[in-house]
Each structure stands twice: as C-alpha cells, then as structure tokens.
Amino acid sequence: MFYDLHVHSAYSIGENSIEEMAEMAKRLGLSGIAIAQYYPTVAEIPKIDGIDIVSAVMIKASSPKEMGDIAEKMRKKCELLLVHGGDYDVNRAACENPLIDILCHPELGRKDNGIDHICVKAANENNVAIEINFREILESYKRHRVYVLGAIKKNIKLCEKYDTEMVTTSAAVSKWGLRSGRELAAIAHLLGLELGHSILSVSDIPKEIIESNRKKLSGRAWEGIEIIGDEKNG
Amino acid sequence: MAEPKMLPPTLRDKKRYIVFEIISEKPIEYGDFVNSMWNLMLEFLGEFGTAEAKVWLIQNLYQEQKGVIKCAHDYVENVRAFLSLIQIIGETKSVVRILGVTGTIKSIKDKYMIEGKKDLMSFAKEE
C-alpha cells in the first residue's frame, strides 16, 4: 500500500492526463497519488476507480507572508497543501506553519541543503513533513547530482535527529517519471534514512496525512478533537 | 537569499582536511586541477561515492602548487586513493603528493603553512 504525494499531470506542468498517470500508477502498485496544481489555477480533479486520487495545491511564493496568505485561503479547498521550497525564508515559514502538510524540495536551486535545525524542529512541532524529491536526483547528472545527493543526505540526517516526518515522492511530470513505492524507499534508505522509516515515508505517513486532512474537511475532526463512531449511536 | 543558520557542533559534519602538493613540469592552474579532480573522482568513486565523501577543494588556500581538500572524516583513504591516480592535469604530467591530514584549518596553518596567507583565521571563521 504505497502513496505518492507529489505528481504533476496536464493540470499543471505535466505531460500526461490524470487517466494516463492513474493507469501507470496502478501498474506500479501505488494505491494513491496526489495530483499537484500550482496555486492560482486550481481546478476540480475527477475521481478514478481503483486508485485514490488526492487533490493537492502547490504554493509557489516569493515571500513568507504571501505563502501564509495563500495557505489560509486554500486550506479548506484542497486535501493536501504543498509548498514549493528553495528560498530559506519560505522554507522556514513553511516549517513554522501548521496549515502546511509537506515542504517540497527545500534544497532546490541552492548549493546548501536549505533547512537548518531550527526549521526541522519547528516542522516536527507543527506536523510538517519534509519531502525527498526523486525527480531532482533523476534529472540531474554528474557534478550537479553529487550536490543534490549531498543536500538530501544532510536533510535526512537532520530529520532523523529531530524525529521529523519525511515523505518520499517521485514528483513525476510524465508517466515515465513515476516509480513504485518500494523503489523510492530504497533511494531514501541509500541516502541515510533507516529502512523502516524509509518504507513508512511512502506508505503510512502519507496515508495518515491524507486521512487526517479528509476528516478535518468533512467536519469530523478539529485540532485535537475527533468524532468517533456514528452520530446516531453517539 | 538568506542562508540557513549554522548547525550546533554535535550536528555538524565531521571533516578532515587533506593537505597536498602537486609535482609537475609546469605550474598548474587552479581551474585545471578542479576539472581533472572532479572528472577522475566521478569515474573512480561514482556519483554516489562522491556525494558520500563530501569532497570540497578550498579555493582560498590553493597557492604555489599546494592546496587543501576538505572531505568527510571516514573517506580520507578513498580520497587518498583517487588522488594517487592523477596522471595528467590539463596537458601537464603531474603527481599529487599528500603532505598530511588535519582536523582543523588552524593546524594546517601551524604545520603546513602556505606562505603569504595571513588572513587564514578569518577564512576559518566563515567556514
């Protein structure tokens, strides 16, 4: 039972339609994928039989304030909130914001790893997961790939230290960029994540994030409170 | 673009500094050495091994055929091994000889002083 929480389709920057992505994901044994869309253009996402399709919104902001505003606006309209990392201020603001679910590629376009112990600690307190982005490794080569691997290794080391949750995603932009869950876990394990944690990062952790968000959206759970059982039976 | 804060000492990477000297027919430019070092390293250690070794050539300390390579503390032998495989830098035949391994930049200054570099300590603070 594997989940991939960061996939692009034709709704955002991807090449393939949602149906094609879903078909490929089914063949790879994934039980759910999250279709990410960039903030201003957010459309309704169709449901597909046999696979769990999650609607996700990717926030690409240039300043922490902008990111916070968009997060408040979009929290009730989608099942998953991702933040496009890369800038240190945005990374840190995302880690300190409990509305955010996942901080994606904090090391994007940088020479260092983009987050420090303060961010990771805050992310643990606010239940923000840090992403291990497979596409960044896949599409880089030679010297650049060495830098990317080094930055991700550093992030993993920090997250292991502070018990922050990590999520491994393929971030695919076409159906050929998708990978099955166990292979993504192998990459995460190779980069220093414990084997058990790396498998959780593609299975249980994503599932818990989605389930708790769906409960909150349907009005069955709030911060710290949850309705258990049917309303009739009390 | 803002930088991440410096990590507390226990979380920092453990590193070693390898001091080396290049013996060659003609003087070697810094850029040539960087290129041939990276090419050989990627061939010999691979992309993953290079990422593990965290190799970094310190530009400020390269002078008169002597320089300092920073690497992960458990990869010193691997770095030694691939440095020994260097035959040609640019178009000049050359040999890399390792003078020693230290744990801090300060001890490089004490033991293998690269002459003419008086602001070594200010560089060490930035690191």
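In this text the structure is predicted, and so the values were computed from the model without any measurement. Here is the naming used below: chain letters follow the sequence lines, and residue numbers restart at 1 for every chain.
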Heavy-atom count check: over 12 atoms from other residues, nucleotides or ligands less than 6.0 Å from A:Lys26 NZ? yes
If you measure from NE2 on A:His117 to CE on B:Met6, what distance do you get to the nearest 0.5 Å? 10.5 Å
Heavy-atom closest pair (A:Tyr141 atom, B:Glu47 atom, distance to 0.1 Å) is C-OE2, 3.9 Å
So among B:Asn39, B:Leu42, B:Thr50, which one has a side-chain contact (heavy atoms from CB on, under 4.5 Å) with A:Lys142? B:Leu42
Measure the NZ-CD distance between A:Lys111 and B:Glu3 for me, rounded to the nearest 0.5 Å. 11.0 Å
Show your working on side chain to side chain contact (heavy atoms under 4.5 Å, CB included) between A:Lys154 and B:Lys54 and close with a plain yes or no. CA-CA 11 Å; A:Lys154 221 167 179 181; B:Lys54 294 171 193 156; over 6 Å; no
Heavy atoms of other groups near A:Arg27 CZ, more than 12 under 6.0 Å: no
Between B:Phe48 and A:Leu190, what is the shortest heavy-atom contact and its length? CZ-O, 3.4 Å
Take atom CD of A:Glu23 as the centre, draw a 6.0 Å sphere, and report whether it contains more than 12 heavy atoms from other residues, nucleotides or ligands. no
Which bit of A:Arg145 comes within less than 4.5 Å of chain B, counting heavy atoms only: side chain, backbone, both or neither? side chain
Under 3.5 Å donor-acceptor, A:Asp116 side chain and B:Pro4 backbone: no
Considering only heavy atoms, which portion of A:Ile115 lies under 4.5 Å from any heavy atom of chain B: side chain, backbone, both, or neither? backbone
A:Asn91, A:Asn113, A:Asp112: which one forms the most heavy-atom pairs within less than 4.5 Å of chain B? A:Asp112
Closest approach of B:Lys5 to A:Ile118 (non-hydrogen atoms, all atoms of both residues): CG-CD1, 3.6 Å
